[in-house]
Amino acid sequence: MKKLGFGLMRLPLTNAEDPKSIDLEKLKQMTDEFLAGGFTYFDTAYMYHDFQSEIAIRKALVERYPRSAFTLTSKLPTMFLKKEEDMERIFCEQLEKCGVEYFDYYLLHSLNVSHYETAERLGGFAFLQRKKAEGRIKKLGFSYHDNAELLDRILTEHPETEVVQLQINYLDWDDQGIQSGKCYETARKHGKEIIVMEPVKGGTLARLPEQAEHLLKDYAPERSPASWAIRFAASLDGVLTVLSGMSNFEQLRDNMSYMKAFTPLKESEKMVLQKVVSAIHNAISIPCTGCNYCTVGCPQHIRIPEYFSLYNAEKRAPSKMISLQREYSNYTKNAGKASDCIACGQCERQCPQHIEIIRHLKDVAAIFESK
């Protein structure tokens, strides 16, 4: 299997303001091109695109190709589980929405301290094992958003785990909060295959600060910034595939161009990336990837990722403040303002990046809501 997977969390939309408005015709064309290029891996989840991603991939892929032509992964949403019966109900719903009789890979979604407690209390790993025995799952595992110490504990307590989905990118490799490098090493110590998510960190590593982009272009003018990020992750031993959320043909074709005949990074390229990391850290204020996990259940309906994106843009280019202020005002017409935050902490408990969201929302309000 080629080391590029189609992540179905950031699909093309007909209305940028509505995550449900998936452009199905464009997705079908992108799916056709992806498969024609020899790529077969697709990754979805229950909550993606406001619960519409699984339906979209059924229409774009499952109903149009034989089951043997693709590999499909979905996930059991630990954040929505309240009682044991929820697992069976949601799993059956996912099979129906995706239009398949089995998943090639099925993962407990977004394990961290609290979600692991939920999985243990409800018997999540045992549930996945039963579904594998029934032939409904080919391989089982979990996606993960916490530190290496907890990961080591989970893999020790659940050796039945076959694959781990980790956030790995060159910016987070040595980050003490996300611990990409340490988590990778822990998974490999336990002999697990790895699926890489967020290799481009929600687009952060595709839209680099000017100084960082110059470093890459000076070395290889023809390569996109995203290509460096995906090749970094794919170069690691034990990586099964690297997921990329592709929302247009430009991203799809760029990714396919260098992953058809993938070549690992050279030592000289790794040295360039070390310099790039320093340049990015000097320019980015809030390391948000736009995953939107924080907005699920927000009582104030605050568009946290969009506000953080505007805040970062203002810090990089203060001269654009007027247009950014206009964007902020448009967002708040149908959503809560940053200052509406009641500090309930729901968002911070869900954030895979461990961002101090409450504090940063105050920073956003100070910039965009001041007279």
Side-chain angles (χ1 to χ4, degrees), residues 2 4-37 39-65 69-75 77 79 93-100 103-107 109-110 143 165 167 169 195-207 224 226 229-230 241-257 259 288-296 303-306 309 352:
K2 293 183 184 295
L4 176 66
F6 201 140
L8 304 170
M9 188 170 76
R10 298 181 176 93
L11 297 175
L13 301 174
T14 58
N15 177 4
E17 302 296 314
D18 180 9
K20 290 184 177 182
S21 67
I22 298 169
D23 189 332
L24 187 59
E25 290 309 308
K26 182 177 287 187
L27 179 58
K28 286 179 180 179
Q29 295 169 21
M30 292 173 69
T31 298
D32 293 344
E33 196 162 326
F34 189 72
L35 289 169
F39 301 91
T40 60
Y41 193 98
F42 295 82
D43 174 274
T44 186
Y46 188 65
M47 62 187 285
Y48 290 172
H49 279 276
D50 205 358
F51 306 93
Q52 297 301 304
S53 177
E54 291 174 320
I55 295 172
I57 200 58
R58 183 192 76 227
K59 294 178 179 178
L61 173 69
V62 177
E63 292 178 353
R64 302 172 61 241
Y65 287 91
F70 58 87
T71 299
L72 183 62
T73 295
S74 197
K75 310 174 189 77
M79 62 288 291
E93 181 185 344
Q94 290 177 290
L95 288 175
E96 182 178 355
K97 286 169 70 176
C98 290
V100 295
F103 291 111
D104 297 281
Y105 293 84
Y106 193 72
L107 314 176
H109 196 174
S110 192
S143 63
Q165 186 164 306
Q167 175 171 314
N169 57 68
I195 300 167
V196 174
M197 59 182 164
E198 298 290 358
V200 193
K201 200 171 172 65
T204 297
L205 302 183
R207 301 181 297 273
S224 68
I230 291 177
T241 194
V242 178
L243 303 177
S244 178
M246 297 174 278
S247 55
N248 57 54
F249 281 105
E250 181 182 3
Q251 294 169 356
L252 176 76
R253 289 164 182 165
D254 178 53
N255 287 346
M256 290 172 59
S257 69
M259 292 301 288
C288 175
T289 67
C291 70
N292 276 298
Y293 288 10
C294 59
T295 63
V296 178
R303 300 184 65 164
I304 299 167
E306 285 86 352
S309 177

Ring pair (Phe, Tyr, Trp, His ring centres under 6.0 Å) against [X], all qualifying residues, sequence neighbours excluded:
X	value
Phe70	none
Phe249	none
Tyr41	Tyr105
Phe39	Phe34

Nearest-0.5 Å distance, OG1 of residue Thr44 to CG of residue Leu8: 5.0 Å

Euclidean distance, Ile304 CD1 relative to Tyr293 OH, rounded to 0.5 Å: 14.5 Å

For Tyr46, the option from Lys97, Gln94, Glu93 that meets side-chain hydrogen bond (donor to acceptor under 3.5 Å, both in side chains): Glu93

Result of checking Thr31, Asp32, Thr40 against Tyr65 for side-chain hydrogen bond (donor to acceptor under 3.5 Å, both in side chains): Asp32

Criterion side-chain contact (heavy atoms from CB on, under 4.5 Å) on Glu96 and Arg58, from CA distance to verdict: CA-CA 9 Å; Glu96 182 178 355; Arg58 183 192 76 227; over 6 Å; no

Any residue meeting side-chain contact (heavy atoms from CB on, under 4.5 Å) with Leu13, in chain and number order, not counting sequence neighbours: Ser21, Ile22, His49

Contacts of Ala229 that satisfy side-chain contact (heavy atoms from CB on, under 4.5 Å) - sequence neighbours left out: Tyr170, Val200, Leu205

Residue pair Leu95 / Val100, side-chain heavy-atom distance below 4.5 Å: yes

For Lys75 against Ser143, the heavy-atom pair lying closest together: CD-OG, 4.3 Å

